[in-house]
Student: 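Before we start, here is the structure in question, set down as structure tokens.
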Number of protein chains: 2
Amino acid sequence: MFNMEMAEKLKLLGDKTRLTILGLLKDKEWCVCDLVEILNMSQPGVSQHLRKLKAQGIVNETRRGQWVYYSLNVVDKPYIQTILNELPDTQTLLSLLKQNYTNASCP
Amino acid sequence: MFNMEMAEKLKLLGDKTRLTILGLLKDKEWCVCDLVEILNMSQPGVSQHLRKLKAQGIVNETRRGQWVYYSLNVVDKPYIQTILNELPDTQTLLSLLKQNYTNASCP
DNA sequence: ATGAAATATAACTATACACTAATATATTAT
DNA sequence: ATAATATATTAGTGTATAGTTATATTTCAT
């Protein structure tokens, strides 16, 4: 059906947590455990969001040793880029979310 | 909370029916009964979608006599404009949806 | 090999949501 | 006033979804 793929992707963006993840990824890649600390939610919760984003091709995943890093994959999706432009940048997000996380575990 | 308003608007766009409505509105305003025929769904269903879109300021409503016409209100929402650019135009949507509707009722 | 850490998957729950049918409200025509 | 048409609201239902806890898998260090 004609608007389905579009709607599926936009549905993913219509979620506060995933928007925050994508906003964080604008600046650099993050591993799952980083996001768990920053977002202050369960690890399976974060993993499931990332899986959905990956299934729609919005993020890439790369395993490096123990850690799996996720990064944006929106070069061919201008309408997503425009949305991400509206989001606060990483530093702002981090300070808004500040849960005095330490980022000690994964280099 | 910081990404909420954005997520609320995007959530509305993450629905096939509402995306189609917005795609139709790119070209011109439509009244509810038109959309009911074109989308081939119940009138309350259409009204509820329109109410949500209006509550988020994405469409305007104007009553003219018996009919209430809805139109786009996205001049100040570039990220929505970008999304709408990706949608098929009105004619394409109409032919994709063709339910041999007649557009006889509302001028 | 074994244990620890990171990630993924499965099972479950509570809530949100899209849709429909039924009803109410509003406007026009007679 | 009354009927007819257009729209909105309410109530109810089935499904989707975001989150959790529990468990499995993967990788590294010892």
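Heavy atoms only: backbone and side chains are in, while hydrogens, waters and symmetry mates are out.
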Student: If you check every side-chain atom of A:Ser42, which of C:dA21, D:dT20, C:dT7 has the closest atom?
Tutor: D:dT20
Student: Do you know which two heavy atoms are closest between B:Lys11 and A:Gly14, and how far apart they sit?
Tutor: CE-O, 2.9 Å
Student: OP1 or OP2 of C:dA18 versus the side-chain N and O atoms of B:Lys52: is any pair under 4.0 Å?
Tutor: yes
Student: Compute whether any side-chain donor of one residue and acceptor of the other, for A:Asp89 and A:Thr92, lie under 3.5 angstrom apart.
Tutor: yes
Student: How close or far is atom P of C:dT7 from atom CG of A:Asp34, stated in whole angstroms?
Tutor: 8 Å
Student: Strictly below 4.0 Å: does A:His49 bring a side-chain N or O up to OP1 or OP2 of D:dT17?
Tutor: no
Student: For a quick check, tell me whether the side chain of B:Gln66 and the base of C:dT28 share a donor-acceptor pair closer than 3.5 Å.
Tutor: no
Student: When you match A:Arg64 and B:Pro44 each to their closest nucleotide on DNA chain D, which lands nearer the 5' end?
Tutor: B:Pro44
Student: Among D:dT26, C:dC19, D:dG19, which is the nearest nucleotide to the side chain of A:Arg63?
Tutor: D:dT26
Student: Are any side-chain N or O atoms of B:Lys26 and backbone N or O atoms of B:Leu87, one a donor and one an acceptor, separated by less than 3.5 Å?
Tutor: yes
Student: Nearest heavy-atom pair of A:Tyr79 and B:Thr82: which atoms, and what distance?
Tutor: CA-CG2, 3.5 Å
Student: Locate the shortest heavy-atom distance separating A:Thr90 from A:Leu24; write the atom from each residue and the value.
Tutor: OG1-O, 3.4 Å
Student: I need the CG-C1' distance between B:Asn40 and C:dA18, as an integer number of Å.
Tutor: 16 Å
Student: Using only modelled atom types and a 3.5 angstrom limit, is any donor from either the side chain of B:Gln48 or the base of D:dT10 paired with an acceptor on the other?
Tutor: yes
Student: Does OP1 or OP2 of D:dA8 have a side-chain N or O of B:Arg51 closer than 4.0 Å?
Tutor: no
Student: Give a yes or no on whether a donor-acceptor pair under 3.5 Å exists between the nucleobase atoms of C:dA6, that is its base, and the side chain of A:Gln43.
Tutor: no
Student: How many whole angstroms separate atom CG of A:Leu53 from atom C1' of C:dA8?
Tutor: 15 Å
Student: Could you please name the option among C:dT20, C:dA18, C:dT9 that lies closest to any side-chain atom of B:Asp15?
Tutor: C:dA18
Student: OP1 or OP2 of C:dA8 versus the side-chain N and O atoms of A:Tyr70: is any pair under 4.0 Å?
Tutor: yes
Student: In whole angstroms, how far is the P atom of D:dG19 from the CG atom of A:Leu35?
Tutor: 13 Å
Student: Measuring to OP1 and OP2 of C:dT7, would you say a side-chain N or O of A:Ser47 lies under 4.0 angstrom away?
Tutor: no
Student: Can you check whether B:Arg18 has a side-chain N or O nearer than 4.0 Å to OP1 or OP2 of C:dA18?
Tutor: yes
Student: Identify whether any heavy atom of B:Lys11 sits under 4.0 Å from a base atom; if not, whether one sits that close to sugar-phosphate; answer base, sugar-phosphate or nothing.
Tutor: sugar-phosphate
Student: What is the distance, rounded to the nearest whole Å, between atom CG of B:Leu50 and atom C1' of C:dC19?
Tutor: 15 Å
Student: Find the distance A:Glu29:CD to C:dT7:P and express it as a whole number of Å.
Tutor: 12 Å
Student: Is B:Arg63 reaching over with its side chain to a backbone N or O of B:Gly65, donor-acceptor style, under 3.5 angstrom?
Tutor: yes
Student: OP1, OP2 of C:dC19 versus side-chain N and O of B:Thr17: anything below 4.0 Å?
Tutor: yes
Student: Students often get this wrong, so: under 4.0 angstrom with heavy atoms, is B:Gly45 touching a base, only sugar-phosphate, or nothing?
Tutor: base
Student: Counting heavy atoms from C-beta on, name the nucleotide in C:dA26, C:dA8, D:dT17 closest to the side chain of A:Glu61.
Tutor: C:dA8
Student: Starting at CG of B:Leu10 and ending at C1' of C:dA16, how long is that distance when rounded to a whole Å?
Tutor: 17 Å
Student: The side chain of B:Cys31 lies closest to which of these nucleotides: C:dT9, C:dA8, D:dT7?
Tutor: D:dT7
Student: When the distance from OH of A:Tyr69 to C1' of C:dA8 is rounded to whole Å, what number comes out?
Tutor: 17 Å
